[in-house]
Amino acid sequence: MTVVKGTALQQVQATSLTEVGIAGDRRFHLIDSRGRLFSGSVHGPLVRILTQMDPDTGVLACTFPDGTTAIGPTDQLAGSHVTDFYGRDVPGHVVDGDFADAFSRFAGAPVRLIRTDRDGDGTDVYPLTVVSRASVEDLARRGDYEGELSALRFRINLELDGCAPFDEDSWDGQRIRVGEAVLRIRGQIPRCVVTTQDPRTGVRDWNTLKQIAVFRPMMADRSGVPFGVYAETEVQGAITLGDPVVLLRT
């Protein structure tokens with residue numbers, strides 16, 4: 001997960017899945033001077049910023065690569081703003097404080113930090129995403145990738161082990177149990193330019209989309225090459241790294 005959309009992902013050992021997916025995931029996002037979404041597809045190096053929020057106090061801390069930190073409360077809100085998330089309107093409010101200046105200096109362009117009015121609205125389509133490690137490894141093999149291809153470049157919430165490549169694609173509409181939670185799989189994810197970037201630096205280093213397109217046809221309904229699947233929570237509950245994943249066949 002990540003608190004601010006486009007910034008460094010945090011890998012956690014345990015979490016709880018709610019109706020909004022992972023609470024606090026992508027609760028904040030950036031907008032440019034025209035009010036448009038400003039994320040990794042616009043400025044890849046955002047992945048070098050570590051963002052953390054205290055769930056009890058609401059204090060957000062953003063640590064930049066040079067060691068500087070912007071920190072402050074997130075309940076001091078200014079004007080309202082509706083952000084276009086790929087054709088979906090997401091209402092929110094501008095966060096006051098030092099965040100705009102800090103992010104603008106790093107991005108080299110004026111940006112503002114927005115807090116979504118509703119937790120869970122900052123995801124692209126469905127609140128959760130799933131991929132199998134075998135699918136990532138298969139893509140690396142097909143594309144002659146040198147070294148280990150990190151699943152982090154796909155910015156997925158849940159990575160599964162013990163599957164055959166692309167098993168997850170066959171679960172569309174079905175349910176899986178992960179720990180105490182039950183998820184409904186909601187179709188393939190159309191991938192974007194972010195997947196071509198090194199997840200540590202945000203610099204483009206491999207044409208992931210071209211490699212996927214070699215053996216996976218373009219999606220007709222979502223306009224993109226598919227990799228990984230969407231999901232939503234049907235039964236809320238805690239999950240822990242290493243929990244078994246069970247396909248609940250209907």
Side-chain angles (χ1 to χ4, degrees), residues 1-10 20-55 58-66 68-129 152-155 157 189-197 199 201-204 222-224 230:
M1 66 163 289
T2 182
V3 179
V4 180
K5 184 176 177 65
T7 61
L9 293 178
Q10 302 172 45
V20 300
I22 301 173
D25 185 32
R26 295 165 172 83
R27 185 63 191 271
F28 302 87
H29 60 273
L30 298 168
I31 58 171
D32 64 16
S33 59
R34 297 184 180 183
R36 298 175 301 189
L37 182 64
F38 186 89
S39 62
S41 59
V42 180
H43 190 65
L46 289 175
V47 297
R48 299 178 63 198
I49 304 170
L50 177 63
T51 55
Q52 297 174 301
M53 186 176 73
D54 186 317
V59 171
L60 176 66
C62 304
T63 304
F64 294 83
D66 63 0
T68 59
T69 300
I71 185 169
T74 57
D75 56 356
Q76 297 178 2
L77 304 175
S80 62
H81 181 79
V82 176
T83 308
D84 180 358
F85 267 58
Y86 317 108
R88 176 171 57 91
D89 287 344
V90 174
H93 282 77
V94 178
V95 181
D96 272 343
D98 298 331
F99 299 110
D101 287 344
F103 277 104
S104 296
R105 284 194 300 271
F106 180 79
V111 296
R112 290 177 291 167
L113 182 68
I114 304 294
R115 176 174 176 164
T116 60
D117 289 344
R118 295 182 298 269
D119 195 7
D121 273 3
T123 55
D124 292 344
V125 179
Y126 288 97
L128 294 168
T129 52
L152 290 177
R153 72 172 59 229
F154 299 102
R155 300 185 69 81
N157 294 124
I189 304 171
R191 305 314 314 206
C192 71
V193 68
V194 169
T195 65
T196 68
Q197 300 166 356
T201 65
V203 176
R204 178 170 175 165
R222 288 179 173 156
S223 301
Y230 290 117

Exercise. Can you find a side-chain donor-acceptor pair between Arg27 and Thr116 that sits under 3.5 Å?
Worked result: yes
Exercise. Between Thr51 and Cys62, which heavy-atom pair has the shortest distance, and what is it?
Worked result: CG2-SG, 3.8 Å
Problem set entry | Heavy-atom donor-acceptor pair, Asp32 side chain to Val111 backbone, under 3.5 Å | no
Exercise. Are side-chain heavy atoms of Ile189 and Thr129 found at a separation under 4.5 Å?
Worked result: yes
For this session: Enter the distance from Gln76:CD to Asp96:CG here, rounded to the nearest 0.5 Å.
Result: 6.5 Å
Problem set entry | Closest approach of Phe28 to Met53 (non-hydrogen atoms, all atoms of both residues) | CE1-SD, 3.6 Å
Exercise. So does Arg88 have more than 12 non-hydrogen atoms from other groups sitting under 6.0 Å from CZ?
Worked result: yes
For this session: Heavy atoms only: give me the nearest Pro91-Asp89 pair and the separation to one decimal.
Result: CD-O, 3.7 Å
Problem set entry | Trace of the side chain to side chain contact (heavy atoms under 4.5 Å, CB included) decision for Val82 with Val90 | CA-CA 5 Å; Val82 176; Val90 174; 5.9 Å; no
For this session: Could you walk me through whether Leu113 and Leu60 pass side chain to side chain contact (heavy atoms under 4.5 Å, CB included), step by step?
Result: CA-CA 11 Å; Leu113 182 68; Leu60 176 66; 3.7 Å; yes
Problem set entry | Partners meeting salt bridge (charged side-chain N to carboxylate O under 4.0 Å, His left out) with Asp84 (sequence neighbours left out) | none
For this session: Would you mind reporting whether Thr2 and Arg26 have side-chain heavy atoms less than 4.5 Å apart?
Result: yes
Exercise. Should the pair Asp98-Arg105 be classified as a salt bridge under the 4.0 Å nitrogen-to-oxygen rule?
Worked result: no
For this session: Can you sort out the partners of Phe106 under ring-ring contact (aromatic ring centres under 6.0 Å, His included), two or more places apart, ordered by chain and number?
Result: His43, Phe64
For this session: If the plane angle is over 60° it's perpendicular, under 30° parallel, otherwise tilted; pick one for Tyr126 and Tyr230.
Result: tilted
Seminar exercise, completed: Here the pair of heavy atoms bringing Ser104 nearest to Pro110 is OG-CA, 3.5 Å
For this session: Take Gln10 and Val3 through the test side chain to side chain contact (heavy atoms under 4.5 Å, CB included) and record every step on the way to the result.
Result: CA-CA 9 Å; Gln10 302 172 45; Val3 179; 4.1 Å; yes
For this session: Could you go through the side chain to side chain contact (heavy atoms under 4.5 Å, CB included) check for Val47 and Leu152 one step at a time?
Result: CA-CA 10 Å; Val47 297; Leu152 290 177; over 6 Å; no
Problem set entry | Asp54: partners by side-chain contact (heavy atoms from CB on, under 4.5 Å), with sequence neighbours left out | Asp56, Thr57
Exercise. Hey, what do you get for CZ (Phe38) to CG (Leu46), rounding to the nearest 0.5 Å?
Worked result: 5.5 Å
Problem set entry | Approximate separation, where rounding is to 0.5 Å, of Thr195 OG1 and Arg204 CZ | 9.0 Å
Exercise. Do the side chains of Val42 and Arg36 get nearer than 4.5 Å, heavy atoms only?
Worked result: no
For this session: Could you pull out the closest heavy-atom pair between Ser39 and Tyr86, with the gap in Å?
Result: OG-OH, 4.2 Å
Exercise. Got a sec, which residues hit side-chain contact (heavy atoms from CB on, under 4.5 Å) with Ile71, two or more places apart in sequence or on another chain?
Worked result: Val59, Ala61, Thr69
For this session: With sequence neighbours excluded, tell me which residues meet side-chain contact (heavy atoms from CB on, under 4.5 Å) with Val194.
Result: Ser41, Arg155, Cys192, Gln197
For this session: Rounded to the nearest 0.5 Å, what's the gap from CG on Leu37 to CG on Asp124? Could you check?
Result: 8.5 Å
Problem set entry | Where Asn157 and Leu128 come nearest, the two heavy atoms and their spacing | OD1-CA, 3.3 Å
Problem set entry | Under the side-chain contact (heavy atoms from CB on, under 4.5 Å) test, residues paired with His93 that sit two or more places apart | Leu77, Ser80, Asp117
